[in-house]
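Read through the structure below, which is laid out as structure tokens, and then see the notes.
Worth saying up front: this structure is predicted, and the values here are computed from it rather than measured.
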Amino acid sequence: MIKRGLMLLAFLPLGWQMPYLMQAWGGSRLDRWDWVFYLLSIPAALGAVRPEKPGEKYEYRALLVLIPMLTAAVLPGLHHINALSVAAGAIVIWAMAWLLYSWHFASRVLPAAVILLLGTPSSSYHLSLLLMCPVWLAWIVKFVLAGLCLGWIWCNRRFDLQVRCGTVCFLAAALVSCLLWRHTEELYFEGRSFIPEFPPHVGEFWGRRIQTDENTRRFFATSEVAQYRYTKNDTDISVLAVRCGRDIHEIHPASHCLRTSMWTVNSEGIFYLQNNFAVTEIDACKNDYHCLVWVWFSGDDFSTPGFLGFRRKFRPGGNYYTYQISIPVYENIEKSRNELKNFIESLKHERVQ
């Protein structure tokens, strides 16, 4: 009876996230099908546990997973990442099953836990970023992974297979290490602060501030947002400048917004203009329109090209900015890149003056 009560309590951290999940499923094109994985995890778990007789002893090594995941789930103020709270809540359920009913039982329901994790908001975006593929292909990959997990459950029932604890821990550590390695440059690069102004005349470019549409103002509810348009001969540059407010969740990676709007991101990476200043460069297209986007984030004493590095530095009440400048790709990417370089150098010159 005590074990059943503790198992029910393990669902509370994830249940607490249901309002956020409903908002993500209803408001984000990238996450609108993720509820399927939550539904699918229920029969998957039932199919996995049916032939099992849970162990009677507690497995206290599960606390090595349960405690940090429970902390991340119930104390979101430590990281300010909603998706991390959701994923941690899902892992808490699995880790509690491990603690209460043995590793053998936990290894059987592990595929159901993986299916549940596939429903984490923003997972489609990160998968499309990792594989550099369209969002629709990332959705297909997620459903294929869910199918493999169901096959895993079937094999467990058919052949009485069991995955060793050491194998799962090693694979999980390897996966986390690969993700951290891939994002190390984005996480830890810090350049000099660059908070430009946007006057009517910037080098050879002439521009003006344009009216911000209602949807953009609504999205940046606690932030100050401004948009500009600059031209030079046949060159047209758009600028989005945001002074970040108190809500970090108003700020997203630029490629996330592009993918949400069903753009195809051809490439994304860090581009160094100088040793102490870099931007994220995004090559994207939609229908017949092809553009190049540069993004960076700045505080009073730093700049960083990546959103994760910005999240690491962000503190509520601080003075932070994010900038996105974009240009159409008329002939080739190198020509557009050079125009953006000239524009940035002109902004720096204007700031010095």
Heavy-atom side-chain contact between [X] and [Y] under 4.5 Å:
| X | Y | result |
| --- | --- | --- |
| Asp34 | Ser124 | yes |
| Phe343 | Val239 | yes |
| Ile344 | Trp296 | yes |
| Thr280 | Pro305 | yes |
| Leu145 | Val114 | no |
| Asn82 | Pro76 | no |
| Trp294 | Glu281 | yes |
| His290 | Asn266 | yes |

Does [X] have more than 12 heavy atoms from other residues, nucleotides or ligands lying within 6.0 Å of its [atom1]?
| X | atom1 | answer |
| --- | --- | --- |
| Glu214 | CD | yes |
| Met22 | CE | no |
| Arg217 | CZ | yes |
| Trp16 | CH2 | no |
| Asn338 | CG | yes |

Spell out, yes or no, whether [X] and [Y] are grouped together once hydrophobic residues are joined by side-chain heavy atoms under 4.5 Å, including indirect joins.
| X | Y | answer |
| --- | --- | --- |
| Leu64 | Leu171 | no |
| Phe220 | Ile210 | no |
| Leu8 | Val92 | no |
| Trp206 | Tyr228 | no |
| Met69 | Leu75 | yes |

Practice problem: For Phe297 and Phe302, run ring-ring contact (aromatic ring centres under 6.0 Å, His included): C-alpha distance rounded to whole Å, both residues' side-chain angles, the deciding distance at 0.1 Å, then the answer. | Solution: CA-CA 8 Å; Phe297 304 85; Phe302 78 96; 9.1 Å; no
Closest contact, heavy atoms only, [X] versus [Y]:
| X | Y | result |
| --- | --- | --- |
| Leu100 | Lys3 | O-NZ, 2.8 Å |
| Ala83 | Thr120 | O-CG2, 3.5 Å |
| Phe277 | Arg192 | CD1-O, 4.2 Å |
| Cys291 | Val293 | SG-CG2, 3.9 Å |
| Ala112 | Ile153 | N-CD1, 4.4 Å |
| Gly89 | Pro13 | CA-CB, 4.3 Å |

Given 3.5 Å as the limit, does a donor-acceptor pair link the side chain of [X] with the main chain of [Y], or not?
| X | Y | value |
| --- | --- | --- |
| Trp94 | Ala106 | yes |
| Arg209 | Ala226 | no |
| Ser298 | Phe194 | yes |
| Thr304 | Glu190 | no |
| Asp213 | Thr216 | yes |

Quick one: pull up [atom1] in [X] and [atom2] in [Y] and give me the separation to the nearest 0.5 Å.
| X | Y | atom1 | atom2 | value |
| --- | --- | --- | --- | --- |
| Cys165 | His104 | SG | NE2 | 14.0 Å |
| Leu66 | Met96 | CG | CE | 5.0 Å |
| Asn276 | Ser193 | CG | OG | 11.0 Å |
| Leu292 | Ser336 | CG | OG | 6.0 Å |
| Ser41 | Leu150 | OG | CG | 10.5 Å |
| Phe143 | Leu148 | CZ | CG | 13.5 Å |

Quiz item: Distance only, no hydrogens: is a donor on one side chain within 3.5 Å (strictly under) of an acceptor on the other, for Ser123 and Lys142?
Solution: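 The answer is yes; a qualifying pair exists.
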Self-check item: Distance-only polar pair, side chains of Asn332 and Arg337, donor-acceptor under 3.5 Å
Solution: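 Result is no, nothing qualifies.
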Exercise. Name the orientation class of the two ring planes belonging to Phe198 and Tyr230 (parallel below 30°, tilted from 30 to 60°, perpendicular beyond 60°).
Key: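 Ring orientation, 0 to 90° scale: tilted.
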Quiz item: Parallel under 30°, tilted from 30 to 60°, perpendicular over 60°: which one fits the rings of Tyr321 and Tyr323?
Solution: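 Parallel, since the angle between the ring planes stays under 30°.
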Exercise. Show your reasoning for whether side-chain contact (heavy atoms from CB on, under 4.5 Å) applies to Ile195 and Asp300.
Key: CA-CA 8 Å; Ile195 303 174; Asp300 291 330; 4.2 Å; yes
Exercise. Check the pair Ile93, Met7 against side-chain contact (heavy atoms from CB on, under 4.5 Å), reporting the backbone distance first and the verdict last.
Key: CA-CA 7 Å; Ile93 298 171; Met7 196 67 236; 3.8 Å; yes
Practice problem: Would you mind telling me which of Trp103, Tyr60, Tyr58 makes a ring-ring contact (aromatic ring centres under 6.0 Å, His included) with Trp98? | Solution: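 One option only clears the test, and that one is Trp103.
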Exercise. Show your reasoning for whether side-chain contact (heavy atoms from CB on, under 4.5 Å) applies to Arg164 and Phe170.
Key: CA-CA 10 Å; Arg164 293 183 179 181; Phe170 173 79; over 6 Å; no
Exercise. Give the C-alpha distance, both sets of side-chain angles, the deciding distance and a yes or no for side-chain contact (heavy atoms from CB on, under 4.5 Å) between Leu118 and Leu40.
Key: CA-CA 10 Å; Leu118 290 174; Leu40 190 59; over 6 Å; no
Quiz item: Looking at Thr235, Asp236, Thr231, Leu347, which one forms a side chain to side chain contact (heavy atoms under 4.5 Å, CB included) with Phe205?
Solution: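 Running side chain to side chain contact (heavy atoms under 4.5 Å, CB included) over Thr235, Asp236, Thr231, Leu347 with Phe205 returns exactly one hit, Thr235.
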